[in-house]
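Report on the following structure.
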Amino acid sequence: MAWVKIIHLLCVMGWMTSIFAVPRALIYWKRDHAATGTFGPIGDLTFRLYRFSAGLMVVALLTGLWLAASWSFPPWVWVKLALVALLAGHYMLTGAMVRRAKRGEFRESDTYLRIFNEVSVIGVIAILWVVVVKPF
């Protein structure tokens, strides 16, 4: 069981890196695209980071469900899963922005992307609180 938890934590850390980095990278990609009119290395890195971490998200979700099942799904786990579902939805919205950016469409302002980025931080803090405190 310890190996499942280790894999879960490693994949969560990798996924969180992308959740925090990709919206910020979109800002730089947008600026680079405006200056050069090309996809460029920033776009390539952003797209690859998003795609790689999508796999980490799947493994994190599967190992998290495995752990939750082994603990018989206590109430705090259901709260965590609901918060993770919201964070996954946020991640999917990020993916939509990345796919549009790959086509050269940058609809969101820098300010929007910064605020969007901070929303994920609040979500992660809420998840960490539930996992550490186990209030239910």
Distance, nearest 0.5 Å, that separates [atom1] of [X] from [atom2] of [Y]:
X   : Y   : atom1 : atom2 : answer
L26 : R24 : CG    : CZ    : 11.0 Å
M97 : M92 : CE    : CE    : 12.5 Å
K30 : I42 : NZ    : CD1   : 14.0 Å
H90 : I19 : NE2   : CD1   : 7.5 Å
L61 : W15 : CG    : CH2   : 5.5 Å
M57 : L62 : CE    : CG    : 10.0 Å

- Should side-chain heavy atoms under 4.5 Å link Ile, Leu, Val, Met, Phe, Trp and Tyr, which residues sit in the same cluster as L45?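 Traced through the cluster, L45 reaches no other member.
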- If you link I, L, V, M, F, W and Y whenever their side-chain heavy atoms are under 4.5 Å apart, who else ends up in the same group as I6?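 Members other than I6 - counting any ILVMFWY side chain reachable under 4.5 Å - are W3, L10, M13.
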With a 4.5 Å limit on heavy-atom distance, are the side chains of [X] and [Y] in contact?
X    : Y   : result
L65  : L81 : yes
D110 : R31 : yes
L67  : M1  : yes
F116 : T94 : yes
F52  : S18 : no
T46  : Y28 : no

Do [X] and [Y] sit in one hydrophobic cluster, given that two such residues count as connected whenever their side-chain heavy atoms are within less than 4.5 Å of each other, even indirectly?
X    : Y    : result
F39  : F106 : yes
V98  : I115 : no
L9   : Y91  : no
I27  : L93  : yes
V132 : I125 : no

- Query: Does atom CZ of R103 have more than 12 heavy-atom neighbours, drawn from other residues, nucleotides or ligands, at distances under 6.0 Å?
  - Reply: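 More than 12 heavy atoms, drawn from other residues, nucleotides or ligands, come within 6.0 Å of this atom.
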- Might you confirm whether atom NZ of K134 has over 12 heavy atoms from other residues, nucleotides or ligands at distances under 6.0 Å?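 Yes - once you tally the heavy atoms of other residues, nucleotides and ligands closer than 6.0 Å, there are more than 12.
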- Message: Checking F20 now: which residues fulfil ring pair (Phe, Tyr, Trp, His ring centres under 6.0 Å) with it, not counting sequence neighbours?
- Response: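 Partners of F20 under the ring pair (Phe, Tyr, Trp, His ring centres under 6.0 Å) test: none.
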- Task: Identify the heavy atoms of F136 and P75 that sit nearest to each other, and give their distance.
- Result: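 Distance-wise, the nearest heavy atoms are CB-CB, 3.7 Å.
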- Grab the two heavy atoms, one from A68 and one from P74, that are nearest each other, plus how far apart they are.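 Closest heavy-atom pair between A68 and P74: O-CD, 4.4 Å.
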- Is K102 positioned over the aromatic face of F47, cation under 6.0 angstrom from the ring centre and no more than 45 degrees off axis?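 That pair qualifies as a cation-pi contact.
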- Message: Test of understanding: with side-chain contact (heavy atoms from CB on, under 4.5 Å), list the residues that count as partners of E118, not counting sequence neighbours.
- Response: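 Scan of E118 (side-chain contact (heavy atoms from CB on, under 4.5 Å), adjacent residues dropped) gives V121.
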- Query: With I127, which residues qualify under side-chain contact (heavy atoms from CB on, under 4.5 Å), at least two apart?
  - Reply: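 Testing I127 for side-chain contact (heavy atoms from CB on, under 4.5 Å), a comparison that skips the adjacent residues, returns K80, L83, V84, L87, V131.
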- Task: Would you tell me whether S109 and T111 have side-chain atoms, one donor and one acceptor, within less than 3.5 Å of each other?
- Result: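 Per modelled atom types, S109 and T111 side chains form no pair under 3.5 Å.
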- Task: Could you list all the ring pair (Phe, Tyr, Trp, His ring centres under 6.0 Å) pairs where at least one residue sits in residues 64-89, not counting sequence neighbours?
- Result: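 Output for this query lists W71-W76, F73-W78.
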